[in-house]
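The next block holds one structure in the form of structure tokens; read it before the comments.
Source: prediction; values computed, not measured.
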Amino acid sequence: MEYKHSEIEKKWQKYWAENKTFKTEIDNNKKKYYVLDMFPYPSGAGLHVGHPLGYIASDIYARFMRHKGFNVLHPMGYDAFGLPAEQYAIQTGTHPAITTEKNIKRYREQLDKIGFSFDWDREVVTSDPKYYKWTQWVFIQLFNSYYCNQANSARPIDELVEVFSLQGTKDLDLACTEPMSFTADEWNSKSEAEQQEILMNYRLAYLAETWVNWCPALGTVLANDEVINGLSERGGFPVERKKMQQWILRITAYAQRLLDGLNTVDWSESLKEMQRNWIGRSEGATVFFGIENHPDMKLEIFTTRPDTLWGSTFMVLAPEHDYVDIITKPENKAQVEEYVTYAKNRSERERMTEVKTVSGVFTGAYGINPLTNEKVPIWIADYVLSGYGTGAIMAVPGHDSRDFAFARHFGLPVLQVVCAPGDEPKDTSTWEESYDSKDGVIINSGFITGMNVKEAISTVVKKLEEMNVGKGKINYRLRDAIFSRQRYWGEPFPIYYKDGIPYAMDEKDLPLELPEVDKFLPTESGEPPLARAKNWTYKGYPLEVNTMPGFAGSSAYYLRYMDSKNNNELVSKEAASYWVNVDLYLGGDEHASGHLIYSRVWDKFLFDIGVAITEEPYQKLINQGKIQGRSNFVYRINGTNKYVSLNLKNDYDTSALHVDINIVKNDELDIEAFKKQSPENASAEFILEDGKYICGWEIEKMSKSKFNVQNPDDLVEKYGADTLRLYEMFLGPLESHKPWDTNGIEGVFRFLKKLWRLYHDRDNNFILSDEEPTAEELKVLHKTINKVETDIKNFSFNTAVASFMIAVNELSELKCNKRKILDELTVLISPYAPHIAEELWQLSGHDTTVEYAAYPVFDAKYVHEDSFEYPVSFNGKVRFKINLPLTLSQDEVEKIVLATPEAQKWTEGKEVKKFIFVPKRIINIAVV
RNA sequence: GCCCGAGUGGCGGAAUUGGUAGACGCGUCGGUCUCAAAAACCGAUGAGGAAACUCGUGCCGGUUCGAUUCCGGCCUCGGGUACCA
């Protein structure tokens, strides 16, 4: 009568491993399906129950699709480069490779216990030279490429060299750092060093001096997505702006394609929106203003509202703008310098928190509006950012809230040039806010007066272009990605310096392995740790001492899984053509502006150079919710060693203390276990309610210090992997964030015991009846099959678990232990609880015939007792039995079924809305 | 501020295109078995009411024979983002 989960689970895990049950090969007779999890960073803390949530869901889907006859690729690996192992190395001297290997081993043990159907033969580890050889290879390709805006594709840099030597920059539209223009003759007369410097302006991986996010505490620079509110994402340390020479990826070249691609993928609307915001496309125009007393200079500004040119009453430069020194009048110099110094010394964080403070200073200079020839004062203010647009704006206080606040603060004039539809122009001195809306009619604006805003914008842009004082322009918020880290534990750059000029290593010399160093710290002169390595040279030239950032190794790993053992190519044409891209990708939404952007850029680049087959790497993406911690508290009466139960604590003066959730069950404290925890606890006294000590609880982040970390191994040991799998799914919708709470796990465990008992007698002998199931029993089965399949397809894994429970309850009530029911039930449940399913399947023997049952759905009227009618859909009572290949989709099955004489006879004269198909015997579980 | 998302019993959460709100599980209460406990099983469990019945899906209003679902206006809580011109 006993369900021995640990015996069963060990047996099947061993069987799967020994038989390589889940090993996947290219099979052109089967349709492919690629299920991928975001691979984990193997941290020293091991897995907690939050990690497997997504893995369980993807495993269920992978197993389900295998049953459906697909050739499923479901790999796993490790994102193994990262800060924690390096910081541990700095503290202890242990090489990060050793720490990483140890952690990976632990992760693997933990993962294996949960019974995942990963093809471990395809495992990748980003810190393995065999793997990062290809990360370095991609970097070389990026270095050797430029982006042609006309072709909208990356191209080999050699091609550009040839073009330059023939026509210079004439007729070219290239993604670049700074616009350049030169003739073929000029190019040809330049030295090697000069030419290389120019090429750097166009390479997709380039070296440049820029403002970076420098984190002194971590001793490295960070990418924009690694900085949150002015603090480092990892560790929460302050981040400063600093000008440094860094490797950068020209991801902005792909901005538009990143945006367009979002329309072709099946991602959640919120995630797509996050990416759209991060890319931040805005359409507008650049306009050249004249500068009084500087006839040879033009001040370029960017605006999204060229229609408001007549309403511009002043201009603003960012404090870092190059023109500040040049145009400032001598009498304003002192004030301007003071302001620039003030602005420079404000940290990013201060600047962010003091957004509402208006500050600025007048330069004494005037700009000249190219359309109106009006003179407008030029100010300096830090609400204009040097990094966006041109670092200079024309201020239109009447129609921009920030300009409005500035104008009011400094008493600058406000003009109205747009009028709300159906409204009369109003005296701007009475305005309390600007009219920012684009819905309106232009007034007081020369030749565009009377037009609507949209019309006016295009008319002005046309005019600006005619007059050669501006042009239409699209700006993106997206910035190029800083790609250097001053760290040891990352991929070395395959770059060496000859006379200070960077060159890519020969591909055949890859991988460039990480060198040994005596310490994992920067050198005394502040150079990155790799500068400590002896003989860190290539062909006698010094090698790059920075390493690549965390996102390097994770940007193309999905391609590598397709062909992970291939030592000659990142991925073979054959493998890439068969597997194409990821059909289902599961992971957290914290990667929206990092990994999921970089990875898409790499894929597009690899597509451009003919390695990847599609432009989008991840077709469908699901963000599983984070599992939060649920802490338990005990209440100690202040100044005593007495603890009072939750509902009585208001009668006392108490302090809440975290208590280890592992000694609390359903919020009831295990007093004996508590006493054993420490000598102090041993003498504790308790004030109980109803003979129990009830703990309080709160939702917090899962962390060791809060004693609320739930380790999956303990649960697997106690309840088994099948219970854990079912319970994690049962917890709630996959995508919502939810606290971990073991309060309900017993219910799921009970369900599995019940399932086991359905086919076992009191002495734990397997019992099975060969009788034909009754109509009632079949109804239970088919209802469940239908519901569970629909749920899995909708990724509604929690409701599917409920259906299993209902089915087993009903079958228990019917005392049904029929073979036919068991066979199908086992297959159905196996994605969720594979171990028990395998065991029951084996005990019962199997049958692999495939048969579809088709239920026509038609409209009918339901007559309510209150005598009104409403339409409903009913499942038809007639059903078809047709033997068809498993690989067919529902649509294909429908087509075939509808063509049969049987179906035509039945559907005659009836309005059949759709058919529901239930594949009966699905497939042998283990041996795929 | 802006952009998303969500508010349903004591708790986690269910409810095809509007159609018996609260599936399933936890907890609680009662019972069976037992010397007893554990395990297991059975029953009850949104609120009020003896009952018939009434009220109930954040709040207010609307559409409808009928609204958790659709529309308008608010409130609250999450998440993202932030002087992007």
Listed nucleotide nearest any side-chain atom of A:E273, set B:rA39, B:rC83, B:rC3
B:rC3
Selection from B:rA40, B:rA85, B:rC83 that lies nearest to any side-chain heavy atom of A:T303:
B:rA85
State, yes or no, whether a side-chain contact exists between A:H737 and A:Q628 at a heavy-atom distance under 4.5 Å.
yes
Side chains of A:Y3 and A:N764: any donor to acceptor distance under 3.5 Å?
no
Within the 4.0 Å heavy-atom criterion, would you say A:R276 contacts the bases, only the backbone, or no part of the nucleic acid?
nothing
Once you apply a heavy-atom cut-off of 4.0 Å, does A:P739 come out as touching a base, just sugar-phosphate, or nothing?
nothing
Could you give the CZ-to-P distance, from A:F730 to B:rC26, as a whole number of Å?
8 Å
Using the side-chain heavy atoms of A:P733, tell me which of these nucleotides is nearest: B:rG13, B:rC83, B:rA39.
B:rG13
What integer distance in Å separates A:H737:NE2 from B:rC4:C1'?
12 Å
Could you tell me how far B:rA14 sits from B:rU8 if I compare only their P atoms? Round to whole Å.
11 Å
Are the side chains of A:Q256 and A:Y476 in contact, using a 4.5 Å heavy-atom criterion?
yes
Using atom P in both nucleotides, what's the gap between B:rA47 and B:rG22 to the nearest angstrom?
14 Å
Distance test, side-chain N/O of A:Y388 to OP1/OP2 of B:rA85, below 4.0 Å:
yes
Touch check for A:I806, heavy atoms < 4.0 angstrom, all strands: base, sugar-phosphate only, or nothing?
sugar-phosphate
Tell me which nucleotide among B:rA85, B:rA23, B:rC41 gets nearest to the side chain of A:L385.
B:rA85
B:rG25 phosphate, OP1 or OP2, under 4.0 Å from A:R750 side-chain N/O
no
For residues A:S434 and A:D400, is any side-chain donor paired with an opposing acceptor at under 3.5 Å?
no
Should A:P397 and A:L412 count as side-chain neighbours, where that means a heavy-atom distance under 4.5 Å?
no
Minimum-distance nucleotide (side-chain atoms of A:W278 versus B:rA85, B:rU81, B:rG13):
B:rU81
Given B:rG25, B:rG80, B:rA85, the nucleotide with the shortest approach to the side chain of A:M274
B:rG80
For a quick test of reading the model: is some side-chain N or O of A:K738 closer than 4.0 Å to OP1 or OP2 of B:rG12?
no
Between A:N809 and A:T304, whichever has its closest RNA chain B nucleotide further toward 5' is A:N809
What's the closest nucleotide to the side chain of A:M805 if the choices are B:rG25, B:rA85, B:rA14?
B:rG25
Please report the distance separating the P of B:rC24 from the corresponding atom of B:rG43, rounded so that it comes out in whole Å.
12 Å
Just to be sure I understand the rule, does A:D741 reach a base, reach only the sugar-phosphate, or reach nothing, if contact means heavy atoms closer than 4.0 Å?
nothing
Assuming nearest nucleotide by heavy-atom distance, tell me which of A:S736 and A:S282 is located more 5' along RNA chain B.
A:S736
So A:K787, base contact, sugar-phosphate only, or nothing? Heavy-atom distance under 4.0 Å.
nothing
If I pick the C1' atom on B:rU54 and the same atom on B:rC4, what distance separates them, to the nearest angstrom?
40 Å
Mind checking A:N798 for me? I need base, sugar-phosphate or nothing, with any heavy atom below 4.0 Å counting as a touch.
sugar-phosphate
Tell me whether the OP1 or OP2 atom of B:rU81 has a side-chain N or O from A:R477 closer than 4.0 Å.
no
A:E789 and A:K787 ion-paired at < 4.0 Å:
no
Counting the atoms with a prime plus P, OP1 and OP2 as sugar-phosphate, which does A:D403 contact under 4.0 Å by heavy atoms, base, sugar-phosphate, or nothing?
nothing
Within 45° of the six-membered ring axis of A:W310 and under 6.0 Å from that ring's centre, is NZ or CZ of A:R305 located there?
no
Take the protein atom CG of A:N786 and the nucleotide atom P of B:rU16, then report the distance between them rounded to whole Å.
14 Å
Could you please name the option among B:rA40, B:rA14, B:rA85 that lies closest to any side-chain atom of A:T799?
B:rA14
Separation between the P atoms of B:rG58 and B:rA15, rounded to whole Å
16 Å
For the pair made of CD in A:Q628 and P in B:rG78, what is the distance, rounded to whole Å?
11 Å
d(CG, A:L317; P, B:rA85) in whole Å:
18 Å
Where the side chain of A:A802 is defined as all heavy atoms beyond and including C-beta, which of B:rA14, B:rA23, B:rG27 is the nearest nucleotide?
B:rA23
With P as the reference atom in both, quote the distance from B:rG19 to B:rG13 in angstrom, rounded to an integer.
22 Å
Separation of B:rA85 P from A:L299 CG (nearest whole Å):
18 Å
Mind calculating the distance between CG (A:D400) and P (B:rG1) to the nearest angstrom?
18 Å
At less than 4.0 Å, is any side-chain N or O atom of A:N277 found next to OP1 or OP2 of B:rA82? Yes or no.
no
B:rG9: syn or anti, per glycosidic angle within 90° of 0
syn
Its dot-bracket string being built from Watson-Crick and G-U pairs below 3.5 Å, with | for another strand and [ ] for crossing, RNA chain B has the pattern (((((((..(((......[....)))((((((.......))))))(((....)))..(((((..]....))))))))))))....
Salt bridge check, A:K473 against A:E283: does any charged N sit closer than 4.0 Å to a carboxylate O?
no
Can you tell me the distance, in whole Å, between the CZ atom of A:R725 and the P atom of B:rG25?
21 Å
For A:F362 and A:F314, what are the C-alpha separation, side-chain angles and deciding distance, and is it a ring pair (Phe, Tyr, Trp, His ring centres under 6.0 Å)?
CA-CA 10 Å; A:F362 180 45; A:F314 58 100; over 10 Å; no
B:rC29 to B:rG10 separation - C1' atoms, rounded to the nearest Å:
13 Å
Do A:R725 and A:I60 make a side-chain contact, defined as non-hydrogen atoms from C-beta onward lying under 4.5 Å apart?
yes
Paired with A:Y727, the ring pair (Phe, Tyr, Trp, His ring centres under 6.0 Å) test is passed by just one of A:W740, A:Y832, A:F749, namely A:W740
Nearest-Å distance once atom C1' is located in both B:rC11 and B:rG49
26 Å
